[in-house]
Peer 1: 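Questions regarding the structure given below will be posed in turn.
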There are 2 protein chains.
Amino acid sequence: MARWEPGAGDRLREAALSLYLERGFEQTMVADIAGRAGVTARTFFRHFADKREVLFDGASELEKKSLAALDAVPAPTPALDAVAAVLDTVAQVAGGDRELARKRQAVIMANADLRERELIKLTSLSTALAERLRRRGVGDIEASLAAETGIVVFRVAFSRWVTAAEVRDLRDIIRETLSRLRNLAGR
Amino acid sequence: MARWEPGAGDRLREAALSLYLERGFEQTMVADIAGRAGVTARTFFRHFADKREVLFDGASELEKKSLAALDAVPAPTPALDAVAAVLDTVAQVAGGDRELARKRQAVIMANADLRERELIKLTSLSTALAERLRRRGVGDIEASLAAETGIVVFRVAFSRWVTAAEVRDLRDIIRETLSRLRNLAGR
DNA sequence: CACGATGATGTCACTCGATGACATCAGGGC
DNA sequence: GCCCTGATGTCATCGAGTGACATCATCGTG
């Protein structure tokens, strides 16, 4: 076969991120993205469900790995400890390219629709985690609480990780954040 | 003045909810809502920013009352206890008409865009609470964690409250949920 | 090599959400 | 009666998103 060329999906992803950075999300039209990627707008929608999704389609892989990580935790582990183990894995998946993450986050934070989409991706992860926890015998409410709490820790830690001044690993920040939450909530 | 008649905003709210229930959110067109309310589509958008917002415009009042409740808590209270006090107020505002809440929630849960919007409303509340907590001297991370944790408790409790089988007060459920969270997270 | 299947893309037409510009109309104060 | 103001209607337009259909390249098979 010919030498490797990025597929249309990858080109669209790149084109979208750069355009969102240059002009902002709302000022970028799907036709612009498609044009930069060398395809038509119709093709954009064959690769991504909508204009926002182009920034979020890594989420399904994150979810898959997170669930695998949870399944790898031995059964008798307390719910929140199991979630902590998941967060270590999440840190590896999401905590790689910090500069890319900063760019992406800058775009997302600048637009309400994108913030909405980001939230629902994390909620979807939380729901999936809770469901697995229940299968392990964790109570209904406890499963939801543990999963959602884990997501809260991730969100707070992540938002700190992409801060300009911050230099620590995402994993370290997550651990510290979880520990602070325990102090906060413990009686 | 003439006898009381509901304004266009109220008529639109009612029309929208009933239509969303009858046909579903996506199957309902803005023109339908406007028609049932006796106005034009253009007028709909003069009352609500978009098609979703018609279900959520109570959120700003909820936020206002929540912040007032937080300000009413004496300063030396631990962050999570202060949030607990806020949740009592939230329970009063959101825990009134259970049947209405069930209808509304049924519509929201049936559509991804609406779920997104609901999430961001609660996140906005969380952000506002965290900001006030910081003003009281609560540390940066702790403020975010306490506020977001409070929202998690509310979400979990609320979703239980609108369950068909559930009969307890929203406030009671919230209290129990918070207590469970403390057990879960405490070391 | 020709052929037909398959998958990715382009083209066209259309619906609907959302917004700006301008006209209209009713009520209140002068 | 007149004017101001706020709420609404009308019209035009943009852009997201989708369905239907045509096209084209690739590839396995006879």
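In what follows, every heavy atom counts, from backbone to side chain, and hydrogens, waters and symmetry copies are set aside.
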Peer 1: Return the residues of residues 19-33 of chain A meeting this criterion: a heavy atom under 4.0 Å from some atom of DNA chain D. Order them by number, or give none.
Peer 2: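 Close to the strand are A:Thr28, A:Met29, A:Val30.
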Peer 1: What's the CG-P distance between B:Asn111 and C:dG17, to the nearest Å?
Peer 2: 12 Å
Peer 1: Name the nucleic acid region contacted by B:Ala41, choosing base, sugar-phosphate or nothing; use a 4.0 angstrom heavy-atom cut-off, strictly under.
Peer 2: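 Result for B:Ala41 = nothing.
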Peer 1: Using whole Å, report how far CZ of B:Phe48 lies from P of C:dG17.
Peer 2: 15 Å
Peer 1: Determine the sole option in A:Arg171, A:Arg182, A:Arg168 for which the salt bridge (charged side-chain N to carboxylate O under 4.0 Å, His left out) test with A:Glu176 is passed.
Peer 2: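 Per the salt bridge (charged side-chain N to carboxylate O under 4.0 Å, His left out) rule, the option paired with A:Glu176 is A:Arg168, out of A:Arg171, A:Arg182, A:Arg168.
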Peer 1: For chain B and DNA chain D, what are the first and last nucleotides along the strand, 5' to 3', with at least one atom under 4.0 angstrom from a heavy atom of the protein chain?
Peer 2: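 Answer, 5' to 3': D:dT8 to D:dT10.
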Peer 1: Does the side chain of A:Leu70 reach to within under 4.5 Å of the side chain of A:Leu133, using non-hydrogen atoms?
Peer 2: yes
Peer 1: Taking atom CD of B:Glu22 as the centre, report whether more than 12 heavy atoms of other residues, nucleotides or ligands fall under 6.0 Å from it.
Peer 2: yes
Peer 1: Grab the CZ-P distance between A:Arg42 and C:dC12 for me, whole Å please.
Peer 2: 14 Å
Peer 1: Determine, for A:Tyr20 and A:Arg104, whether the Lys NZ or Arg CZ falls below 6.0 Å from the six-membered ring centre while staying within 45 degrees of the axis.
Peer 2: no
Peer 1: What is the separation between atom NZ on B:Lys51 and atom P on C:dT15, rounded to the nearest whole Å?
Peer 2: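 Interatomic distance, NZ of B:Lys51 to P of C:dT15: 16 Å.
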Peer 1: If the threshold is 4.0 Å, N to carboxylate O, is there a salt bridge linking B:Arg13 and B:Asp57?
Peer 2: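 The answer is yes: the pair qualifies as a salt bridge.
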Peer 1: Is A:Arg115 paired with A:Glu118 through a side-chain N to carboxylate O contact shorter than 4.0 Å?
Peer 2: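 The answer is no: the pair does not qualify as a salt bridge.
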Peer 1: Does A:Glu53 pair with A:Lys121 as a salt bridge, N-O distance under 4.0 Å?
Peer 2: yes
Peer 1: Does the pair B:Thr123 and B:Ile151 meet the rule for a side chain to side chain contact (heavy atoms under 4.5 Å, CB included), with working shown?
Peer 2: CA-CA 8 Å; B:Thr123 301; B:Ile151 298 300; over 6 Å; no
